[in-house]
Amino acid sequence: MATDTLKSTTGASGASAVRRLLLDNGALTALIALVIAMSALSGDFLTTDNLLNIGVQAAVTAILAFGVTFVIVSAGIDLSVGSVAALSATVLAWMATSQGVPVWIAVILAIATGIACGLVNGVLISYGKLPPFIATLAMLSVGRGLSLVISQGSPIAFPESVSHLGDTLGGWLPVPVLVMVVMGLITALILGRTYIGRSMYAIGGNEEAARLSGLRVKKQKLAIYALSGLFAAAAGIVLASRLSSAQPQAAQGYELDAIAAVVIGGASLAGGTGKASGTLIGALILAVLRNGLNLLSVSAFWQQVVIGVVIALAVLLDTLRRKAGATPVAAGAGAPGGRGKQAATYIIAAVVAAAIVGAMSFLHNGSSSSATKKVGLSLSTLNNPFFVQIKSGAQQEAKKLGVDLTVTDAQNDASQQANQLQNFTSSGLGSIIVNPVDSDAAGPAVRSANKAGIPVVGVDRGVNKADTAALVASDNIAGGKLGAKAMAEKLGGKGKIVILQGLAGTSASRERGAGFAEGLKAYPGIEVVARQPADFDRTKGLDVMTNLLQAHPDIQGVFAENDEMALGAVKALGSKAGTSVSVIGFDGEPDGLKAVKDGTMYASVAQQPKELGRIAVENALNAAEGKKVEKTVMVPVKVVTKENVAGFGG
């Protein structure tokens with residue numbers, strides 16, 4: 001039975017012993033090297049607050065990865081854990097709020113949801129003979145869809161009694177870190193001390209041999225995937241507790257981080273090897289990378305490149321370790337005192353790292369500069385021209401005022417944005433600007449900045465249940481109403497239209513849609529024949545509009561909640577755009593304004609993104625210097641048509 005216990009085939013002494021130590025602990029070596037490098041490069045890295053931030057940021061990935069470890073050790077794969085996490089949290093919040101179920105019962109139902117999803121995966125794989133990749137890919141889609149159906153695409157407030165999981169004990173020890181440690185110990189116990197744990201290694205080592213030796217492989221796989229679902233549910237609850245809300249779009253892509261953490265930690269995708277400590281180290285490597293790159297002001301785009309390269313190098317190091325002569329041994333056949341040697345290795349590594357890091361910290365002492373003119377800007381996404389223009393306006397103003405501006409991209413992930421805001425807080429910036437992915441989910445991280453005495457400025461969207469020094473925004477609801485009025489006037493007060501909605505769960509989509517619906521109430525002759533999400537994406541706008549035209553070829557108007565989707569609709573409409581069908585977008589981005597000028601789009605409800613970014617930086621600096629700032633700064637919204645587009649500055 002193969003396990004993750006490795007034993008060298010040759011002896012070693014002196015330099016070769018050090019080499020062997022490094023090779024046999026590839027992930028640990030990589031983690032120590034990263035910590036030393038980040039400590040040398042950033043004086044803000046090695047602080048108590050920041051190290052606790054890293055633990056919190058690693059918690060959700062680690063808990064998910066512990067569950068995935070069971071699957072990978074048994075030579076399987078689980079792509080559904082991110083969606084299962086979101087679904088479980090949504091079930092808890094929905095049951096405890098909308099349905100009035102006692103919180104403790106809602107928690108049980110959420111955990112049961114995760115286990116049920118895992119069991120479905122197990123049944124499809126064991127009895128349906130589906131490849132694990134296909135079965136769990138299907139569950140990824142089903143879980144996410146059910147989460148959106150239950151929540152109707154909107155975040156649901158989390159019960160306060162459960163939200164304490166996102167708090168701290170004694171004012172300093174984060175509860176998510178404690179949950180991570182407990183789940184890690186449970187994982188280690190299951191893998192190393194239980195029958196099902198030994199079965200996982202046997203199945204992963206050679207499934208047919210395991211079956212012939214008497215293991216009930218099908219039933220074992222049911223239990224393995226059920227465990228993965230249970231850990232995913234736990235991760236979802238911890239994540240939602242941190243954000244004080246269940247986000248239907250939460251944990252997107254986390255399944256890839258979880259798999260990466262397991263593989264970086266030394267597990268083989270071929271099965272048969274893997275351990276809890278390695279998985280924890282893998283999750284910490286990812287967290288240290290993201291945290292350190294934020295502190296070093298590395299471009300949001302380059303961060304993805306760097307993380308991918310480091311993952312590849314970490315796995316390559318593990319491959320070199322295996323080729324260097326380390327061979328697996330049977331469970332329980334390790335050398336006497338093997339566990340003691342492993343513990344000693346970790347202790348020695350910690351002491352060496354602490355000594356080197358302490359030296360780096362000493363070098364940074366006394367070299368601090370004024371943080372007043374250091375500002376962090378966390379944008380909901382940089383995969384959209386509107387927010388790219390906010391960034392551009394902010395950077396131009398920062399250069400003009402001599403402000404050191406760090407920009408991060410949350411990639412429409414509320415939890416990733418929470419991590420970025422925590423990193424800003426721990427690095428002691430003068431002020432922070434946030435463009436929230438979701439107004440509720442940004443609240444806890446902004447409250448942490450409030451406690452640290454760092455002023456926060458909201459841009460484009462506000463932050464709920466937290467104190468912001470200023471909000472620089474256009475009114476999305478008012479903009480939606482203006483869009484409805486423009487559409488009704490263009491169609492003469494009657495006609496059939498379709499609405500292309502933005503990314504489900506985002507405040508921009510909700511507010512623009514609500515404003516448009518409110519504005520249409522004054523025009524009963526306008527009939528909305530379809531509403532479909534296209535996720536603020538031009539390609540999806542093209543595809544969705546093409547499909548809608550099959551069912552509704554006689555429409556006269558399209559309202560898209562941003563210009564990107566409107567431009568996709570224009571492409572789908574072809575010659576109808578600007579002639580028999582009037583298209584109205586939102587944002588006033590350059591491509592949208594060009595389409596308005598060309599006549600293919602009738603109008604865009606235009607904000608002034610560069611102005612939003614400029615004013616946000618100006619207010620952030622004033623707040624950092626203790627100057628008075630207006631609580632709300634409204635940048636006007638206007639409907640731009642062919643008649644006035646030439647005079648619109650953007």
Side-chain angles (χ1 to χ4, degrees), residues 1-5 63-85 87-88 108-144 146 183 186-236 255 258-259 262-263 267-276 279 328 330-332:
M1 186 184 297
T3 70
D4 58 355
T5 307
I63 296 169
L64 282 174
F66 288 141
V68 173
T69 302
F70 301 134
V71 177
I72 289 180
V73 164
S74 60
I77 200 74
D78 192 347
L79 299 177
S80 68
V81 289
S83 294
V84 172
L87 175 59
S88 299
I108 292 173
L109 290 173
I111 293 172
T113 299
I115 294 173
C117 291
L119 285 173
V120 171
N121 283 335
V123 169
L124 291 175
I125 293 164
S126 296
Y127 297 95
K129 302 298 183 183
L130 288 182
F133 183 92
I134 299 300
T136 58
L137 182 64
M139 181 56 70
L140 178 152
S141 181
V142 170
R144 186 69 62 187
L146 288 175
M183 299 304 278
I186 292 172
T187 303
L189 179 65
I190 291 173
L191 288 173
R193 301 284 184 176
T194 65
Y195 172 76
I196 187 166
R198 293 191 293 272
S199 299
M200 292 174 193
Y201 289 114
I203 294 169
N206 189 319
E207 183 174 329
E208 182 61 16
R211 186 184 66 79
L212 293 174
S213 67
L215 281 179
R216 297 181 176 180
V217 173
K218 291 183 178 179
K219 290 186 177 180
Q220 295 295 339
K221 284 188 176 182
L222 285 179
I224 290 166
Y225 281 94
L227 279 171
S228 180
L230 186 152
F231 275 66
E255 55 278 346
I259 293 169
V262 178
V263 175
S268 168
L269 288 174
T273 61
K275 56 185 177 181
T279 295

Would you name the heavy atoms of [X] and [Y] that are closest together and state the gap between them?
| X | Y | value |
| --- | --- | --- |
| Lys221 | Ser126 | CB-OG, 3.2 Å |
| Ala267 | Thr273 | CB-O, 3.5 Å |
| Ala233 | Ser88 | CB-OG, 3.5 Å |
| Ala276 | Ala188 | CB-N, 3.7 Å |
| Asp78 | Val81 | OD2-CG1, 3.6 Å |
| Tyr195 | Gln220 | CE2-NE2, 3.2 Å |

Mind checking the [atom1]-[atom2] spacing from [X] to [Y]? Nearest 0.5 Å is all I need.
| X | Y | atom1 | atom2 | answer |
| --- | --- | --- | --- | --- |
| Phe70 | Ile224 | CZ | CD1 | 9.5 Å |
| Glu255 | Thr136 | CD | OG1 | 9.0 Å |
| Thr279 | Leu64 | OG1 | CG | 11.5 Å |
| Leu146 | Cys117 | CG | SG | 7.5 Å |
| Ser80 | Arg144 | OG | CZ | 10.5 Å |
| Ile186 | Leu191 | CD1 | CG | 12.0 Å |

* Asked: Is any side-chain heavy atom of Val73 closer than 4.5 Å to a side-chain heavy atom of Val262?
  ->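 No, side chains not in contact.
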* Are the side chains of Leu124 and Met139 in touch, meaning some heavy atoms are under 4.5 Å apart? ->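 They are not in side-chain contact.
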* To do: Tell me, please, which residues at least two apart from Arg211 pass side-chain contact (heavy atoms from CB on, under 4.5 Å).
  =>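 By the side-chain contact (heavy atoms from CB on, under 4.5 Å) rule, Arg211 matches Glu208, Val217.
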* Asked: When you look at Phe231 and Thr187, which way does the side chain to side chain contact (heavy atoms under 4.5 Å, CB included) test go after all the steps?
  -> CA-CA 10 Å; Phe231 275 66; Thr187 303; 3.3 Å; yes
